[in-house]
Amino acid sequence: MLRTEQFTINIGPQHPSTHGGLHVEAVMDGEFIVDAIVHLGYVHRSVEKIAESRTYPQYVPYTSRLDYLASHLPTLGYCQAVEKMLGVAVPERAEYIRIIMAEFSRIASHLLFIGSCAIDLGATTGLIYCLRDRERIMDMFEMTSGQRLIASYMRIGGVSEDLPDTFIPAARSFIADFPEMIAEYDGLIIGNEILQARLKGVGRLNADDAIAYGVSGPNLRACGIDYDIRKAEPYGIYDRFDFTVPLAENGDSWDRLLVRMEEMQQSIHIIEQALNQLPEGEVKAKVPRIIKPAEGIEVYHRIESSKGELGYYIVADGGEKPYRLHVRAPSFINLMVLPMISKGGKLQDIIANIATLDPVLGESDR
Amino acid sequence: MEHFFLNIAHSLIVWLMGLGLSSKGADLVLLIVQWICIVAIVTINVIVLIWLERKVAGFMQQRLGPNRLGPAGMFQTIADAIKLLTKEDIIPSAADRIIFRTAPIFFIIIAVMLYVVLPMGDGMQIVDLNVGVFYFISVASLSTICLLMAGWGSNNKWSLLGAMRSVAQMISYEIPLAFSLLGVIMIAGSLSLSDIVAAQNNIWFIILQPVAFITFFIAATAELNRGPFDMPEAEQELTAGAYTEYTGMRWALFFLAEYTNLVAVSALASTMFLGGWHGPWLPSWIWIIIKTYLVMLIFMWMKWTFPRIRMDHLMSFSWKVLIPVTLANILVTGAGIQFLAGMGW
Amino acid sequence: MKGQGLLKGLYITLKRAVGKDITIQYPEQMPYLQDRFRGCLHFDYTKCIVCGLCTKACPNNVLSYESRQVEGSKKKELVSYTIDLQYCLFCNLCVEACPTNTLYFTHDFELSRYQRDQIKIVYEIPKEEPSAVKVDLKGDAPEPDETKKEKQLAAMTAALQKNPQKTVRKMVENDEDAEILAGILLEDEQKLSRMAALMIADREKAKKVAVAFVNKEKKDRLKGGGAEDESK
Amino acid sequence: MSLNDAVFFLLAVITAGSALGVITSRNIVYSALLLVVTFLGVAGLYFQMNAGFIGLVQILIYGGAISVLIIFAIMLVMDVEPHRTNPPSPRLPRRLGGIYLSILLVITMGAAIWFTHWPLAVGTTGADEMAVLADLMLGKYVVAFEIAAVLLLVAIVGAIILAKGADDK
């Protein structure tokens, strides 16, 4: 055999398909990847440190900026964590609104995932169709909160405002049109043989490794592990809804794509139930203007974000501001398996792997 | 209308000879005029094509595409060209300057050379080589070296990787490209493009050779580095592949050459399979334009629909699928010709 | 069969290509904005009760205000209110905190400015006549026509002559500098009129000129009294 | 001097000049690229001799394929800075050896050319050279042609085995 020399290629931080400021240092042997070193921190905004200088309600807008692709989900997690500290009961209607918003966020995030997966593999048009449908969700967010992307709609003790009259018809029409959208993605993206060939068997993650690395969310379920915090440890009112947790077997990129496709349909199912059960009433609990949890209270609250287990660990010192706040960011932990699943693959596979792990750099760098 | 351009050429020769030039001298002048015409056609075509490509992409993505400058955004490309011309010309300090500079020039020269043998209408061919098809294939094969020069000269890993990939791809797809044309050549019994067009007077070769057309189309897409086979550029993986370090007009030359190649290959496809300039009612040169643009629209349609194929799949597709299929096609065609000849056709 | 998916994809893109477009032509055709859309933060000074809740609610210190005690009562009254939009998170917390709907979001989302300091919105409430509120939206002032310009110039010159120290106070850093500048301007008629014109036309330039004047004067003073005559 | 002669001399100068460049260039990548120019010049000479098909084969095989192989090989195995790839040997004995070898080569080849009886072309290559060529290859010399094909196939298989590495026991 000929002796060959390895060389490194820097994918990012400025590269078309790194979803932000991700930097992967790929050690290559020809077209094969020997090692991939993930460098993070290009989007670091010290969000956790900022929390220590903001009061509890003031911190809400910052959480929206963690996972900006599904901005209601991190806000929901934070609000519920603080509510857990205070022991506040959220009004029924607010709980339902929260579920609707959270699930729409999940769909928005997954739609962008499918679109960006398509464009990372070279199919530009696929992204545009996904974005087109995502825009409708964004419009709904604009109706309720006034902002499209970084909504900061939820508040400690409920949501900031009640749903406007236009929201429910818009949501219902989105649900009605959803099967058509899915059919289009199936035809253009999922059903494409080139895309299937690019994804099947690529970046395989086995269940044991996934658990060992702490992978969560759709990436974990693609390995065949039935673990969804909405089922395992229902927060909010998730125990009232009937939905299944989609699973796959192989844990490769293709399965990660399929799991998310299925998950969107389950989310639609949940939203439908929530819209049907939506009660009337208040949307915000009575919460004191100045929130001062007692000293020594610490709380860890986790939710199933669109990327995986999103947890908030908050320690109070009796003041208006948290003593320490830590975010368990699913993107960060999921990204850590990238070197493992990329090894032995080709250069083009690493792009597919990054795309299907679906990291959002705002969250992983924080 | 039919002989519009021929008449122009004829009157030019008559006029030149009236000025006292020998017939050889007049031919030489005509040749130069023809070359200038080719360059003009290429440039205008590219301007139209880039606009068309963006429009097609826009329509498929439910957008309007460029629509600000001129009617339906027609002048957008011109504005872009001016922008590119005024851009700073950056040559990386570690680049091999001579190779870096010459690569785009050779690339465009080779692309323009392809037009010499293409029949653009009845009798409208600059040189009617008796080995026209072969000329096309062999000259087109030279462009691999230019990409290699670009990739090497840039002294950038992405560029080199892109160049290596595209060279590997182009060399492996040249074989099915040539093989798929062989079926047509066997039926026409000539390598000359004008003979091949003449042989399609009654029936287009796409009907006689459907498999050859499909394989030719796929191989041509790969040769053109387009659509699902755009390895040298491969934006999502290699940033811009072989062209990563190029800026301004040098980069634009690559772009120009790629579109020039696109027109040439589409014209070849319509000449070999779609009856060339044959067609009712309209003048022959309009027919070839229509057919060429139709083929190009299909290329664009494919590009904006499909994801990029993976490098190893690409290679194995060429060697394991396309080449056997084209070989079988040649075998079947040969047997068919013998059989029909035996039947007394 | 292999290739079916490819054909289906081609069919979908073709169908969409001949179908209707979904985009709008932005500057000509404005996007439909929902009622609650949060564009630009605005401030209605008439309703403000100077409670300070908005500044407490704001996570990023966007809002600030100057107030003073109303003579003979416990009430406070507003002098100026500043919204530094470049730090704004558009989170709606201040609007929710405000008890009198003083703060509100408009649908104006075109917030780009040429200069960084134009981002800041300052609302000034004059002391004497609170009815005629001067809203100084920097950079947004429309180009005044000739007569208006002349009027402004005359007013500014008059102001400079009458009460120079106060008029130029905003051009320089501290009161001392303002005094120096006022002195210079009063001494020299030409400088005064030039300053007045500059202050109307280009505040930035006026500031620079003012600082230059002051610095030169200071330097001269350091050198000694004799230099003063030469500088003229 | 007719136009034909002028073209011949132009082509000859290009071919010989670039061939000289191949051996004198300090940069091996330039050598390889100049080799391509040489191939093209030779193809031009073929065209001049009315052997269009052979000329195009020269372009396709040598210009398009073989040279790419050479450049690939150079790029992949090169371990030093490109401008130091082709330095002249500093040692005198080696230089003398080189001179000796080249003189020997020139003498041998010159003698071979001088003493060979070159038959003048009988007839001209007409428009139908393709058919003649095809007849010769698939008629008279079909066995040699096929054997060459088999040989090439064996070479390719061997190359693949070398590259992939046969199972080392």
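Chain letters run A, B, ... following the sequence lines, proteins first, then strands; residues in each count from 1. This structure is a prediction, so every number in the text was calculated from the model and none was measured.
- Contacts of Ile61(D) with chain B are absent, with no heavy-atom separation under 4.5 Å from either backbone or side chain.
- For the pair Ile59(D) and Ser138(B), the tightest heavy-atom approach, listed with the atom from each and the gap, is CG2-O, 3.6 Å.
- Interatomic distance, Phe134(B) CZ to Leu56(D) CG, rounded to the nearest 0.5 Å: 6.0 Å.
- Summarising the local packing, CD1 of Ile98(B) is surrounded by 12 or fewer heavy atoms from other residues, nucleotides or ligands at distances under 6.0 Å.
- In this structure, Phe47(D) places its CZ atom where more than 12 heavy-atom neighbours from other residues, nucleotides or ligands lie under 6.0 Å away.
- In terms of heavy-atom pairs under 4.5 angstrom with chain D, the leader among Ile145(B), Leu160(B), Ile171(B) is Ile145(B).
- Residue Met164(B) touches chain D through both its backbone and its side chain, counting heavy-atom pairs closer than 4.5 Å.
- With sequence neighbours left out, the salt bridge (charged side-chain N to carboxylate O under 4.0 Å, His left out) criterion links Asp312(B) to Lys346(A), Arg310(B).
- Between the CG atom of Leu60(D) and the OH atom of Tyr135(B) there is a distance of 13.5 Å, given to the nearest 0.5 Å.
- For chain D, the nearby parts of Ile137(B) are the backbone and the side chain; heavy atoms of each come within less than 4.5 Å.
- Chosen from Val167(B), Val139(B), Leu148(B), the residue pairing most often with chain D at heavy-atom distances under 4.5 Å is Leu148(B).
- Sparse packing is recorded around CZ of Phe106(B), with 12 or fewer heavy atoms of other residues, nucleotides or ligands lying under 6.0 Å away.
- Few gaps surround OH on Tyr30(D); more than 12 heavy atoms of other groups in view lie less than 6.0 Å from it.
- The OG atom of Ser67(D) lies 7.5 Å from the CG atom of Leu142(B); values are rounded to the nearest 0.5 Å.
- The distance from atom CH2 of Trp152(B) to atom CD1 of Ile71(D), rounded to the nearest 0.5 Å, is 10.5 Å.
- Between Asp96(B) and Val29(D), the closest side-chain pair of non-hydrogen atoms is not below 4.5 Å.
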